[in-house]
Amino acid sequence: RSTPLAAEQRVWSNFGPGGGGWYRVIAISPHDGTCFVGGDVGGIYRSADMCESWQIVSQGIPNSYVNAFAFHPTDQRIVFAGTNGGVLKSVDGGTTWAMKRDGFPPLVTFGLSAPVSAIAVHPTEPSVVYAGVGHERGFGKLRNGTVGGRIFKSRDGGESWRVVAFPDEDGVKTLSVFCIRFHPTDRERMFASTQGGVFRSLDAGDSWSRWGTGLEGRKTTFLAINSRDPNVMLLAYSHSAEGRGGVMKSTDAG
């Protein structure tokens, strides 16, 4: 942050890992810098050497469409992944995985009864995990048989789940949850972004309400919160059939 980048550091280069399909998510472990990559057909790739080499770590994965990763705040062995088939959990740093669907609806084709497009671990209560239902393609358009507009919450490290629906059931059941964010200092306050706007919780995800004005007519997607000034938020959006859009900014906490 304090040293200007040299010319050779300003160049981008391909770091792999290869494979087919497209990559949905890149995540860096806060503990040791291990990099995880997930895509729509390739399962999970992992690199422990700054992306110089890669392993496919898909043992135990019944659904290879990976949308999101989340890390335990203190135990580097515990990693969660959100897939179109539900939540995956690893207790050995991502080498092997197990599906955790207790409390989710029964599987339909490709697991799209409740695909998990966003996942988060509570930063101070790591036994609490959140999984947002949705699908990122088509700006969140859901397939028949998928009911969106909801977040599953676990209080036992992902072993069992209960659903928390957004208010106005008919109006939100087509919404996909793109990301779940925690307020940097108030851990009871959370935000979830969808293609139909932002929702806020003041009770650690036990209930939600619509939040924010000025979002009408835009398909909002990913939300970022400034950790030094949480009143500042950035929200990506699209507002045309061609996918054209940009970024909106809030300076009053949304």
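Given the structure is predicted, the values throughout are model-derived calculations rather than measurements. We use all heavy atoms of the structure for the numbers below, so side chains are in, but hydrogens, waters and symmetry mates are not.
- With hydrogens and angles ignored, the 3.5 Å screen pairs no side-chain donor or acceptor of S127 with any backbone N or O of G157.
- Using a cut-off of 4.0 Å between Lys/Arg side-chain N and Asp/Glu carboxylate O, R155 and D206 are scored as salt-bridged.
- In terms of hydrophobic clustering, with Ile, Leu, Val, Met, Phe, Trp and Tyr side chains grouped at heavy-atom distances under 4.5 Å, V128 and F71 are assigned to different clusters.
- The aromatic rings of Y130 and F182 stand perpendicular to each other, their planes meeting at an angle above 60°, with 30° marking the opposite boundary.
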Inset, instruction - I would like to know whether F104 and W161 meet ring pair (Phe, Tyr, Trp, His ring centres under 6.0 Å); could you show each step before the answer? - result: CA-CA 7 Å; F104 276 78; W161 301 84; 5.7 Å; yes
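- Within the 4.5 Å cutoff, no side-chain heavy atoms of F152 are placed close to those of V87.
- Hydrophobic clustering places V25 together with V57 (ILVMFWY residues linked when any side-chain heavy atoms are closer than 4.5 Å, directly or through intermediates).
- When side chains are defined from C-beta on, L234 counts as touching K249, because their heavy atoms get closer than 4.5 Å.
- Annotation for T194 and L175: closest pair OG1-CD1, 3.7 Å, computed over non-hydrogen atoms.
- Side chain of K173 to backbone of R150: no donor-acceptor contact under 3.5 angstrom is found.
- Panel note: side chain D156, backbone S160; a donor-acceptor pair is recorded below 3.5 Å.
- Contact check for S113 versus R101: side-chain heavy atoms found under the 4.5 Å cut-off.
- By the neighbour-count criterion of 12 heavy atoms within 6.0 Å, atom CH2 of W54 is densely surrounded, having more than that number from other residues, nucleotides or ligands.
- For the pair R218 and Y237, the cation sits on the ring face: its NZ or CZ lies under 6.0 Å from the ring centre, inside 45° of the axis.
- Not a single donor-acceptor pair under 3.5 Å links the side chain of Q195 to the backbone N or O of K219.
- In terms of modelled atom types and a separation under 3.5 Å, the side chain of E216 and the main chain of G214 share a donor-acceptor contact.
- Here the side chain of R200 pairs no donor or acceptor atom with the backbone of R189 at under 3.5 angstrom.
- A distance of 6.5 Å separates CG of L235 from OG1 of T221, quoted to the nearest 0.5 Å.
- The minimum heavy-atom distance linking L223 with R181 is given by the pair O-NE, 2.7 Å.
- By the 6.0 Å contact criterion, CD on E159 is enclosed, its count of non-hydrogen atoms from other residues, nucleotides or ligands being greater than 12.
- Put simply, CG on D75 and CZ on R77 are 4.0 Å apart, with the number rounded to the nearest 0.5 Å.
- No donor-acceptor pair under 3.5 Å is formed between the side chain of S29 and the backbone N or O of T34.
- Rounding to the nearest 0.5 Å places CG of L88 at 5.0 Å from OG1 of T83.
- Atom OG1 in T220 sits 11.0 Å away from atom CZ in F139 (nearest 0.5 Å).
- Considering all non-hydrogen atoms of both residues, G158 and F80 come closest at CA-CE2, 4.3 Å.
- V147 and V172 fall into different hydrophobic clusters, where Ile, Leu, Val, Met, Phe, Trp and Tyr side chains are chained together by heavy-atom contacts under 4.5 Å.
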Determine, stepwise, if the pair N231 / T251 fulfils side-chain contact (heavy atoms from CB on, under 4.5 Å). CA-CA 5 Å; N231 284 327; T251 57; 5.7 Å; no
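- Listed for the H31 side chain is a donor-acceptor partner under 3.5 Å among the backbone atoms of H72.
- With a 4.5 Å cut-off on side-chain heavy atoms, S58 and W97 do not count as touching.
- Judged by distance alone, the side chain of S117 and the main-chain N or O of V177 form a donor-acceptor pair under 3.5 Å.
- The environment of K89 atom NZ is dense: over 12 non-hydrogen atoms of other residues, nucleotides or ligands sit within 6.0 angstrom.
- The structure places OG of S64 at 11.0 Å from CD1 of I56, a figure rounded to the nearest 0.5 Å.
- In this structure, the side chains of V66 and F36 stay at 4.5 Å or more apart for every pair of heavy atoms.
- Between F166 and R210 the shortest side-chain heavy-atom distance does not fall below 4.5 Å.
- The shortest distance between side-chain heavy atoms of E188 and L202 does not fall below 4.5 Å.
- Scanning both residues, S53 and S47, for their nearest heavy atoms gives O-OG, 2.8 Å.
- With respect to D40 and R137, a salt bridge is recorded, a charged nitrogen being found less than 4.0 Å from a carboxylate O.
- Put simply, M99 and F69 are part of the same group of oily side chains (I, L, V, M, F, W, Y) that touch within less than 4.5 Å, one to the next.
- Heavy-atom minimum distance, I119 versus G82: CG2-N, 4.2 Å.
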Applying side-chain contact (heavy atoms from CB on, under 4.5 Å), run through V116 and N67 and close with a yes or a no. CA-CA 7 Å; V116 175; N67 296 302; 5.7 Å; no
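- Residue C179 comes nearest to S193 through the heavy atom pair SG-OG, 2.9 Å, listed as atom of the first residue, atom of the second, then distance.
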Decide side-chain hydrogen bond (donor to acceptor under 3.5 Å, both in side chains) for T95 and R46; before the verdict, give the C-alpha distance in whole Å, the side-chain angles of both, and the deciding distance to 0.1 Å.
-> CA-CA 9 Å; T95 300; R46 181 182 65 183; 3.0 Å; yes
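- Atom CD1 in I61 sits 9.5 Å away from atom OG1 in T96 (nearest 0.5 Å).
- Within 6.0 Å of NZ in K153 there are more than 12 heavy atoms belonging to other residues, nucleotides or ligands.
- In this structure, the side chains of M233 and F191 come closer than 4.5 Å at one or more pairs of heavy atoms.
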With side-chain hydrogen bond (donor to acceptor under 3.5 Å, both in side chains) as the criterion, how do N144 and T146 come out once you've worked through the C-alpha distance, each side chain's angles and the decisive distance to 0.1 Å? CA-CA 6 Å; N144 292 333; T146 302; over 6 Å; no
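- Of the possible polar contacts, one joining the H122 side chain to the R187 backbone as a donor-acceptor pair under 3.5 Å is found.
- Using a 4.5 Å cut-off between side-chain heavy atoms of Ile, Leu, Val, Met, Phe, Trp and Tyr, with links allowed through other members, M248 and W211 fall into the same hydrophobic cluster.
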**Request:** In sequence, state the C-alpha distance, the side-chain angles, and the governing distance for H135 and F178, and then conclude on ring pair (Phe, Tyr, Trp, His ring centres under 6.0 Å).
**Result:** CA-CA 8 Å; H135 199 260; F178 287 117; 9.9 Å; no
